[in-house]
2 protein chains.
Amino acid sequence: MPSRRGLTRAEILDTALALADDDGLAAVGMRAVAQRLGVTPMALYRHVGDKEALLDGLVERLLTEVDVPGPEQAPVDRLLASAASLRAVARRHPEAFGLLLARRAATPGALDARDAVLAALVEAGVARDDVGRLERILSTFVIGFAASEASGRFADVERADADFAYAVRLLTTALAATTTPPPAGS
Amino acid sequence: MPSRRGLTRAEILDTALALADDDGLAAVGMRAVAQRLGVTPMALYRHVGDKEALLDGLVERLLTEVDVPGPEQAPVDRLLASAASLRAVARRHPEAFGLLLARRAATPGALDARDAVLAALVEAGVARDDVGRLERILSTFVIGFAASEASGRFADVERADADFAYAVRLLTTALAATTTPPPAGS
DNA sequence: ACCTGAACACCGTTCAAGT
DNA sequence: ACCTGAACACCGTTCAAGT
């Protein structure tokens, strides 16, 4: 039994996420995570700070699972694909996903995601003054929707898909009317 | 020192909410609530079930603080006033408000609120097939927005107001295009 | 540097007992 | 019926010690 186990922050976060998936977010604690790793609780403190930092790390792990397409795709397609990927993360990790709403995401990964949305909106032709607030509104809605979906508020996946498609249609209609002046001569 | 204190479920929930307001949601526990009431922790169990039930009761307390105008007002005004009232609740109880997203609201009071939104949408002329999904989309957005606001995501109240007004404009634009056929002859 | 073992100050909850 | 007191099985975290 070596006392050097080669414990890793990434390994700890993976274990914590798996624990949340299996037994619920309430089951995620220093002692339980340590037990899954075959280690004393105190061994974790060197790698993740304390329990709060562990949960922040879980938020980071969730966000890095979101696939954001490269700039070769059209901006609206990028936004739609990112949203779909976030919803998929919510369905894969319904127990842990609530953390995204409960905790403010201040990690570098979260800020990258926001910048990607801003860039896509600018590229899509949204007025400079509206970009910031539109990003806040869209991400609020998409994260809220995904969280609702994860907590079972939409009953089944088909209905959630239909609801989301409806919301997208609604928003694109509104945005088309906002970003470009109404066709005057027709 | 009477052993009969006349403890009440409402009194307990009020105390728990005040405790969340003062010391954060994490501070809300059976022992802490009991201490505020000058009572043993075990005295609570007869009135609220256990800690889970206490938190469900907190959700109920938050929702009953929302002012929903009577049917004498126009349906859209009712929706806007309800949303504004929900945002006010979030600002009054920022710590506790996250519970609305973390816990599915299955209490009678929550279902009443949903029915009020449905009725207003029907009255506003939304197509029968769209009423359900539109209610889910709107409430998802409004609760998510209020929660974001409560957690400080919008920096200040002025910006939150501006963002919310922008979202309302966006949505009413889209709804006008959806509920009524586009004016053909102009 | 990395992990352990024992200990401390907390939790929620059960159970028998008091009035 | 309503509340108490003691006890049980848990937490997160500190601290000194081992290798």
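Every chain is numbered from 1, with letters handed out A, B, ... down the list of sequences.
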Chemist: Measure from CG on A:L44 to C1' on D:dG12 and round the result to the nearest Å.
Modeler: 11 Å

Chemist: From the options C:dC3, D:dC3, C:dA7, select the nucleotide whose nearest atom is closest to the side chain of A:A43.
Modeler: C:dC3

Chemist: Nearest 0.5 Å, please: how far is CZ in A:R78 from CG in A:L121?
Modeler: 9.5 Å

Chemist: When you get a sec, tell me which of C:dG5, D:dC3, D:dT4 is the closest nucleotide to the side chain of B:T40?
Modeler: D:dT4

Chemist: If I take atom CD1 in residue A:I12 and atom C1' in nucleotide C:dC3, what distance separates them, rounded to the nearest angstrom?
Modeler: 12 Å

Chemist: What's the CE-P distance between A:M30 and C:dA9, to the nearest Å?
Modeler: 20 Å

Chemist: Which nucleotide in the set D:dC11, C:dT13, C:dC3 lies at the smallest distance from any side-chain heavy atom of A:R5?
Modeler: C:dC3

Chemist: Rounded to whole Å, how long is the line connecting atom CD of B:E52 with atom C1' of C:dT13?
Modeler: 13 Å

Chemist: Provide the Watson-Crick or G-U wobble partner of C:dG12, both distances under 3.5 Å; none if there is no partner.
Modeler: D:dC8

Chemist: For A:K51 and D:dT13, what is the distance between atoms NZ and P respectively, to the nearest whole Å?
Modeler: 8 Å

Chemist: Looking at C:dT13, I'd like to know if its phosphate oxygens (OP1 or OP2) sit under 4.0 Å from a side-chain N or O belonging to B:Y45.
Modeler: yes

Chemist: Just how far is it from atom CG of A:D163 to atom OG1 of B:T140, taken to the nearest 0.5 Å?
Modeler: 8.0 Å

Chemist: Between C:dA9 atom P and B:R31 atom CZ, what is the distance in whole Å?
Modeler: 14 Å

Chemist: Between C1' on D:dT14 and CG on A:D50, what's the gap in Å once rounded to a whole number?
Modeler: 13 Å

Chemist: Does the structure show a Watson-Crick or G-U wobble partner for D:dA1, both distances under 3.5 Å? Name it, or say none.
Modeler: C:dT19

Chemist: When we call it a touch if two heavy atoms are under 4.0 Å apart, what does B:M42 touch: a base, just sugar-phosphate, or nothing?
Modeler: base

Chemist: With sequence neighbours excluded, give me every side-chain hydrogen bond (donor to acceptor under 3.5 Å, both in side chains) pair touching residues 9-29 of chain B.
Modeler: B:R5-B:E11, B:R9-B:E60, B:D14-B:R61, B:D21-B:H93, B:D22-B:R36

Chemist: Which residue, B:G49 or B:R46, contacts DNA chain C at a nucleotide closer to its 5' end, judged by nearest heavy atom?
Modeler: B:G49

Chemist: Are any non-hydrogen side-chain atoms of B:M42 and B:M30 less than 4.5 angstrom apart?
Modeler: no

Chemist: Starting at OG1 of A:T40, measure out to CD of A:Q35 and round the result to the nearest 0.5 Å.
Modeler: 11.5 Å

